[in-house]
Number of protein chains: 2
Amino acid sequence: MTGWLRIAGLGPGNDTLVTPQVTEALAQATDVIGYFPYVARVAPRDGLTLHASDNRVELDRSRHALELASHGRRVVVVSSGDPGVFAMAAAVFETVEAGPTAWRDLDITVLPGITAMLAAAARAGAPLGHDFCTINLSDNLKPWSLIEKRLRLAAEGDFAMAFYNPRSKSRPEGFEKTLDLLRSTCGNDRLILFARAVSTPKEQLNVTTLGKATPDMADMRTVVIVGSSRTRLIENSRNAMIYTPRFTPE
Amino acid sequence: MTGWLRIAGLGPGNDTLVTPQVTEALAQATDVIGYFPYVARVAPRDGLTLHASDNRVELDRSRHALELASHGRRVVVVSSGDPGVFAMAAAVFETVEAGPTAWRDLDITVLPGITAMLAAAARAGAPLGHDFCTINLSDNLKPWSLIEKRLRLAAEGDFAMAFYNPRSKSRPEGFEKTLDLLRSTCGNDRLILFARAVSTPKEQLNVTTLGKATPDMADMRTVVIVGSSRTRLIENSRNAMIYTPRFTPE
């Protein structure tokens with residue numbers, strides 16, 4: 001048996017957002033590896049071993065997956081959203097590069113998924129309809145000074161912005177600093193969307209302005225989108241829609 | 001019959017990348033509207049009217065879709081990729097805002113899809129595994145000076161960058177200016193990926209450096225990804241893999 005490794009995105013939570021390509025890989029797999037809430041989304045069956053692990057062990061999980069694939073297993077590493085956006089794909093390639101040379105020639109493919117910011121944008125309208133920046137607000141793996149620099153530059157460029165991991169329990173102060181910085185650079189009237197658990201029964205959407213936004217509106221299951229100066233709100237009787245027009249005048 | 005409007009993403013080209021949510025909306029539709037190569041991907045059937053139109057008539061197409069939905073039709077506007085990323089969703093919301101008030105209360109939902117940059121990133125590894133900017137290089141709808149400003153700020157922030165519509169036939173000089181600007185700010189050794197027609201039989205991937213990149217490597221079916229200073233190349237006997245590590249030191 002020739003082993004392979006697929007790094008697959010399960011999308012934001014609803015099974016109708018999982019691509020057929022990912023479903024097919026899971027059907028062919030002998031082993032599924034990932035953070036336990038994502039592995040829990042895969043139905044058990046004969047011939048499939050589920051390897052669920054805790055958060056923050058991405059490199060251990062990657063090594064395990066690569067070892068299994070190099071022994072001829074058909075392995076799917078599951079991520080939520082898209083594996084290439086603040087998820088498992090980078091961790092697997094870091095592990096490939098640091099590992100035995102033979103790992104470089106394994107059959108490794110990333111299977112894309114619907115990433116949280118695009119699922120959230122779709123639910124609210126089209127706030128990312130023009131140029132935008134995507135920033136992970138966690139300072140676990142990079143200095144806060146770099147996050148702050150990127151926020152300032154994104155605001156100066158009048159990009160819309162999407163934030164992942166906005167507010168952790170252990171370091172909630174970062175998101176408060178982010179909101180302060182954005183209010184001082186973009187003003188209080190700028191539109192902001194808090195989108196939690198999109199496409200699941202616990203979905204919550206909240207469209208407001210920077211002036212009215214408070215840090216507790218976000219947690220680690222929330223993706224946050226800040227509009228550009230051109231982003232507009234359409235009010236109606238159903239649900240607020242926000243979008244960024246395609247046209248920017250001189 | 002109560003009408004509705006879905007703005008649906010067909011992904012980059014391969015049917016295994018169309019979400020079940022989009023497939024279901026197409027199965028329920030009475031009308032499908034879009035640019036003709038995208039409408040051509042929808043199978044004809046009894047009870048379904050296909051409305052294919054040419055490029056650059058996004059607002060006419062949006063009005064047509066909204067009129068049909070307001071008359072009780074079940075309408076799907078199809079985009080390639082994700083409709084919220086430089087595609088039809090923003091055009092529809094512009095038309096809603098400019099149109100009759102009743103249009104605001106229509107049942108309008110955006111159904112996300114796999115956007116070109118994420119399909120391209122997946123095929124090449126994980127070049128967007130850390131903070132990145134997404135920029136439309138077409139100056140049809142915004143001044144070139146704004147594109148240049150955003151490129152400079154993205155380079156200063158050491159973001160990875162994804163470019164849509166890099167090089168049109170009518171204005172090919174913009175992409176040459178982009179490469180010149182990036183070479184002067186990021187240096188000749190910076191990794192760059194040209195990904196054309198990803199997931200289709202005509203797929204072409206080319207990983208090179210800014211120093212070796214030439215404008216003719218891109219056309220309007222190409223998405224271009226430029227790495228950050230941390231982006232790495234893993235060489236092997238199969239295909240080059242590029243990725244951006246999750247960790248950035250102080």
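Reminder, nothing fancy here: chain letters follow the sequence lines and each chain counts from 1.
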Can you say whether B:Met88 sits under 4.5 Å from chain A via the side chain, the backbone, both, or neither, judging by heavy atoms? neither
Counting heavy-atom pairs under 4.5 angstrom with chain A, the leader among B:Val92, B:Val22, B:Asp107, B:Thr115 is B:Asp107
Closest non-hydrogen contact found for A:Pro112 with B:Leu118 is CB-O, 4.1 Å
Residue B:Leu146 versus chain A: region with a heavy atom under 4.5 Å: side chain
CD1 of A:Ile234 to CD1 of B:Ile108: how many Å apart, nearest 0.5 Å? 7.5 Å
Looking at A:Phe132, A:Phe247, A:Tyr164, A:Phe86, which has the largest count of heavy-atom pairs under 4.5 Å with chain B? A:Phe132
Heavy-atom proximity to chain A below 4.5 Å, by part of B:Val18: backbone
Segment of B:Pro12 engaging chain A (4.5 angstrom heavy-atom cut-off): neither
Part of B:Thr101 lying under 4.5 Å from any heavy atom of chain A: neither
Evaluation steps, side-chain contact (heavy atoms from CB on, under 4.5 Å), between A:Thr134 and B:Leu128: CA-CA 10 Å; A:Thr134 306; B:Leu128 302 178; over 6 Å; no
Based on non-hydrogen pairs under 4.5 Å, which of B:Ala87, B:Pro143, B:Ala126, B:Ala121 is most in contact with chain A? B:Pro143
Quick check for you: to the nearest 0.5 Å, what is the distance between A:Gln21 atom CD and B:Asn14 atom CG? 7.0 Å
Please confirm whether the backbone N or O of B:Asp131 pairs with a side-chain atom of A:Asn136, one donor and one acceptor, at under 3.5 Å? no
Does the Lys NZ or Arg CZ of B:Arg232 fall within the cation-pi geometry relative to A:Phe93 - under 6.0 Å from the ring centre and within 45° of the axis? no
Under 4.5 Å from any heavy atom of chain A, what part of B:Ala91 do you find: side chain, backbone, both or neither? both
Under a 4.5 Å cutoff for heavy-atom pairs, which residue among A:Pro20, A:Gly129, A:Ala90 has the most contacts with chain B? A:Pro20
Between atom CG of B:Asp139 and atom OG1 of A:Thr248, what is the distance when rounded to the nearest 0.5 Å? 12.0 Å
Can you tell me which of A:Val85, A:Leu17, A:Asp15 forms the most heavy-atom pairs within a distance under 4.5 Å of chain B? A:Leu17
Within the distance-only criterion (no hydrogens, no angle test), does the side chain of A:Glu94 pair as donor or acceptor with the backbone N or O of B:Arg246 below 3.5 angstrom? yes
Greatest number of non-hydrogen atom pairs under 4.5 angstrom with chain B, of A:Ala89, A:Gly157, A:Ala162, A:Pro249, falls to A:Gly157
Can you tell me how far the CZ atom of A:Arg150 sits from the CG atom of B:Leu153, to the nearest 0.5 Å? 13.0 Å
Pairs of heavy atoms under 4.5 Å with chain B: top-ranked of A:Pro127, A:Gly84, A:Gly113, A:Ala124: A:Gly84
Roughly how far, to the nearest 0.5 Å, is the CZ atom of A:Arg104 from the CE atom of B:Met241? 7.5 Å
Out of A:Glu58, A:Arg152, A:Arg123, A:Glu156, which one racks up the most heavy-atom pairs below 4.5 Å with chain B? A:Glu156
Looking only at non-hydrogen atoms, find the nearest pair between B:Thr16 and A:Thr19 and report the distance. O-CB, 3.5 Å
With a 4.5 angstrom heavy-atom cut-off, could you sort out which part of B:Asn239 is near chain A: side chain, backbone, both or neither? neither
Checking B:Thr109 against chain A: side chain, backbone, both or neither under 4.5 Å from a heavy atom? side chain
Non-hydrogen atoms of chain A under 4.5 Å away: do they reach the side chain of B:Leu59, the backbone, both or neither? side chain
Quick check on B:Asn140 against chain A: is it the side chain, the backbone, both or neither that has a heavy atom closer than 4.5 Å? neither
So which part of B:Leu106 gets closer than 4.5 Å to some heavy atom of chain A, the side chain, the backbone, both or neither? backbone
Going from CZ on A:Arg230 to NZ on B:Lys142, what distance comes out if it is rounded to the nearest 0.5 angstrom? 12.0 Å
By a 4.5 Å heavy-atom criterion (distance strictly below it), what part of B:Glu235 contacts chain A: side chain, backbone, both, or neither? backbone
Name the region of A:Thr23, side chain, backbone, both or neither, that has any atom closer than 4.5 Å to a heavy atom of chain B. neither
For chain A, which candidate among B:Leu141, B:Val96, B:Ile135 shows the most heavy-atom pairs at distances under 4.5 Å? B:Leu141
The interface call for B:Asp105 against chain A, heavy-atom contacts under 4.5 Å, is both
